[in-house]
Every structure is written in C-alpha cells, then in structure tokens.
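Below you'll find the structure, written out as structure tokens, and then a few comments.
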2 protein chains.
Amino acid sequence: MGITKTQIFNVEQNKLAVIFKVLSNPARIAILQYISQQDSCICNDIVDEIGLAQPTISQHLKELKSIDLIKGEIEGKKVCYCINLPKWTEIQTLLNTFFNTTKSNCC
Amino acid sequence: MGITKTQIFNVEQNKLAVIFKVLSNPARIAILQYISQQDSCICNDIVDEIGLAQPTISQHLKELKSIDLIKGEIEGKKVCYCINLPKWTEIQTLLNTFFNTTKSNCC
DNA sequence: TTTATATATTGCAATATTACGATAATAAAT
DNA sequence: ATTTATTATCGTAATATTGCAATATATAAA
C-alpha cells in the first residue's frame, strides 16, 4: 500500500509521527543545524553548504515550515530562514513528554 | 529518485535521521505506548490492540528492534516485547542534545 | 507424531519520498 | 523595460514505505 492508516490512531500519536517524519531526513537535520549557526541564512547559502540542488533544498525547507520548525522572512529578493524558537521548544517538550511517559510505564 | 544521499552527511546527522525515521509512524508510536503499559507484551495482543494485520505489526516490531528501542524475549511459543530502557534513555538524551545545541546557536 | 498456536518471512500492490531539470515568480539593479 | 539574482513550483524518474495475504517456522499441547 504505502499509505499509513492514520484514522486508527489518536491525535497525539499522529502528531508525534508527523514531527518525527519531518525530522527523519539527514538533509533536513543538516539544514536545521546550518540555519542555527548563521546570523542570517539565505537559501542559496544552504544550497552551497549542503550539496543538494536548489529545488531539493527548497522542498526540504517547505517541509520544515509545514510544522513551523522554521520561519522565513523575505528580505528583498532573498529569504532569511530562522529556527522558530517557541515552536522548537514546544516540540522538544512534546517529545520529552512522550519519552518520559512511555518509559515510566515500562516493566 | 527516492534515495537519500546519506554519503554527503555526517554520522551524527544520519544517525539522528534513522532514529527519527523509526519513530515516524503512528503505528510504531502506538506499539511503544502499548508495550510500555503492559507487564508482559505479546505480539498477538498488540495485533488485537492496534488493529493492523499480524505481518504488519511484526514488521513494525522489526523496525523498532533495528535500533534496539525494544527487545523481545522468547517465552515458549510467545515473545515478550519490552522497551529497552538503557537505549530508550540514550536516544532521549541524544535527541535533547540535538535540540539544545541547535537552538543555542539560533539568531 | 499430529495438531494448534504464535510469530516471522516473502511477495506484491498502492502510495510516499527523494532528488533534480525545467520553468515560473519575484524583486533589485541597470 | 530589461537583465540579473534568488527562491518556488511543476513534472518526472528512481527508490522507499506501508500493509496484507500466503506461507514458513517454531514451540507447546494432545
């Protein structure tokens, strides 16, 4: 099939899965790490740094934006991408809650 | 293509991506949560609980085992699956390190 | 030894993901 | 207005993932 049966799982389970999926690609991990190191990040810089084609980077940025992990501010003809810190922290907390509650019930 | 260019990323980036990928499916999240709630977990119980076919559950368990998130002890003709607590904690720490170091450099 | 039960593996169809070339869209500079 | 630079979108090919039926394997019970 290839299709996940999201309807048989609850909202929390699906939400966690979506977050993990966005983070499940080394290019996106590398993009996040690179963005966090720069004062102002421009997509084309990311293309040079990562070593993937510009459309590919653009697509990965879109996926990171889909869960608000990053935000992009338009500066003239460039776009400055930044980590969305409140969301970043929120997601970190969400994942920690998942890890803590799951292990606390463990046999 | 469909193939991730792992060779252009470093070991840490690929390792994080693999962990996130294993966790990026609601069925596997649900399995982990269910396993953690039971004293002794058997695959067939999981099949009843989750609502996916037995081969599908077996495949998901295999993926969870691939990064040692769970361990399965054979008890007669049944298998008792448990969260692998040391690995669980190790991965939680790894993810927190990623979240903390990434956000600390943020603009 | 046969039968029943529990789990794993194989093979396959449907869908998703990754990556990129071509092209479009947008805005600054000339 | 045209050119240049930057990013986004579209279309497509290659590969990966999800899920299940059929089957295999393994162990306990009869």
Side-chain angles (χ1 to χ4, degrees), chain A residues 1-9 13-14 17-31 34-35 38 40-67 70-82, chain B residues 1-9 13-14 17-31 34-35 38 40-67 70-82:
Chain A
M1 300 206 169
I3 190 164
T4 303
K5 288 191 167 178
T6 53
Q7 72 281 3
I8 67 172
F9 304 106
Q13 289 159 345
N14 283 309
V18 166
I19 292 169
F20 284 128
K21 182 159 284 177
V22 169
L23 293 168
S24 74
N25 180 290
R28 293 196 284 275
I29 299 289
I31 289 171
Y34 182 66
I35 285 180
Q38 308 307 113
S40 64
C41 284
I42 285 91
C43 179
N44 233 275
D45 291 354
I46 302 174
V47 172
D48 294 340
E49 174 69 17
I50 307 289
L52 291 171
Q54 180 268 322
T56 308
I57 297 294
S58 191
Q59 189 178 288
H60 282 309
L61 289 168
K62 193 177 176 182
E63 288 178 69
L64 291 168
K65 267 189 289 187
S66 74
I67 58 165
I70 60 172
K71 50 184 176 180
E73 282 179 30
I74 298 166
E75 289 185 2
K77 56 185 168 185
K78 298 182 179 181
V79 179
C80 173
Y81 282 104
C82 287
Chain B
M1 298 206 170
I3 188 164
T4 303
K5 287 190 166 179
T6 53
Q7 72 281 1
I8 68 173
F9 304 106
Q13 289 159 346
N14 283 308
V18 166
I19 291 168
F20 284 129
K21 182 159 286 177
V22 169
L23 294 168
S24 73
N25 181 290
R28 292 195 286 273
I29 299 288
I31 289 170
Y34 182 67
I35 285 180
Q38 308 308 112
S40 66
C41 285
I42 284 91
C43 179
N44 232 273
D45 292 352
I46 302 174
V47 172
D48 295 338
E49 174 69 16
I50 306 289
L52 291 171
Q54 180 268 323
T56 307
I57 297 293
S58 190
Q59 189 180 286
H60 283 309
L61 289 168
K62 194 177 176 182
E63 288 179 69
L64 292 168
K65 268 190 286 185
S66 74
I67 58 166
I70 59 171
K71 51 184 176 179
E73 282 178 32
I74 298 166
E75 288 185 2
K77 56 185 168 185
K78 297 182 180 181
V79 180
C80 173
Y81 282 105
C82 286

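For dT18(D), one of the phosphate oxygens OP1 or OP2 lies less than 4.0 angstrom from a side-chain nitrogen or oxygen of N25(B). Within the 4.0 Å cut-off from OP1 or OP2 of dT17(D), not a single side-chain nitrogen or oxygen of H60(B) is found. Taking side-chain N and O atoms only, T56(B) has a distance below 4.0 Å to OP1 or OP2 of dC20(D). Contact between the side-chain N/O atoms of K62(B) and the OP1/OP2 oxygens of dT7(C) is not found at any separation under 4.0 Å.
With rounding to the nearest 0.5 Å, the separation of CD1 in I57(A) from CG in N44(A) is 10.0 Å. The CD1 atom of I50(A) lies 5.5 Å from the CD1 atom of I31(A); values are rounded to the nearest 0.5 Å. Rounding to the nearest 0.5 angstrom, the gap separating the CD1 atom in I19(B) from the OG atom in S24(A) is 12.0 Å. Here CG of D48(B) is found 11.0 Å from CD of Q54(B). Values are rounded to the nearest 0.5 Å.
Panel note: side chain S58(B), backbone P55(B); no donor-acceptor pair is recorded below 3.5 Å. For R28(A) (side chain) and L64(A) (main-chain N/O), no donor-acceptor pair under 3.5 Å exists by modelled atom type.
Rounded to whole Å, the distance from CG on L64(B) to C1' on dT7(C) is 16 Å. When the C1' atom of dA8(C) is taken as reference, atom CD of E63(B) falls 14 Å away, rounded to whole Å. For I57(B) and dT17(D), the CD1 to C1' distance is 15 Å, given to the nearest whole Å. Between I3(B) atom CD1 and dT17(D) atom C1' there is a gap of 14 Å when expressed in whole angstrom units. Across the protein-nucleic acid pair, L52(B) atom CG and dA8(C) atom P stand 15 Å apart, rounded to whole Å. Distance CD (E75(B)) to C1' (dA6(C)): 13 Å, rounded to an integer number of Å. Straight-line distance from the NZ atom of K5(B) to the P atom of dT15(D): 13 Å, rounded to whole Å. Here dT18(C) presents its P atom at 12 Å from CG of L23(A), a figure rounded to the nearest Å.
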Inset, instruction - Mind running side chain to side chain contact (heavy atoms under 4.5 Å, CB included) on D45(B) and Q38(B) for me, showing each step along the way? - result: CA-CA 10 Å; D45(B) 292 352; Q38(B) 308 308 112; 5.9 Å; no

Inset, instruction - Quick one: the dot-bracket string of DNA chain D, using Watson-Crick and G-U wobble pairs with both distances under 3.5 Å, [ ] for crossing pairs and | for bases paired to another strand. - result: ||||||||||||||||||||||||||||||

Could you write out each protein N or O paired with an N or O of nucleotides 5-8 of chain D at a distance under 3.5 Å?
unit_1 : atom_1 : unit_2 : atom_2 : d
dA5(D) : O4'    : K77(A) : NZ     : 3.2
dT7(D) : OP1    : C43(A) : N      : 3.1
dT7(D) : OP1    : V79(A) : N      : 3.3
dT7(D) : OP2    : N44(A) : N      : 2.6
dT7(D) : OP2    : N44(A) : ND2    : 3.3
dA8(D) : OP1    : Y81(A) : OH     : 2.5
dA8(D) : OP2    : S58(A) : OG     : 2.9
dA8(D) : N7     : Q54(A) : NE2    : 2.7
dA8(D) : N6     : Q54(A) : OE1    : 2.9

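Between N14(A) and T4(A) the shortest side-chain heavy-atom distance does not fall below 4.5 Å. Using a 4.5 Å heavy-atom cutoff, the side chains of Y81(B) and L61(B) are in contact.
Taking for each of G51(A) and K21(A) the nucleotide of DNA chain C with the nearest heavy atom, the 5'-most of the two is the partner of K21(A).
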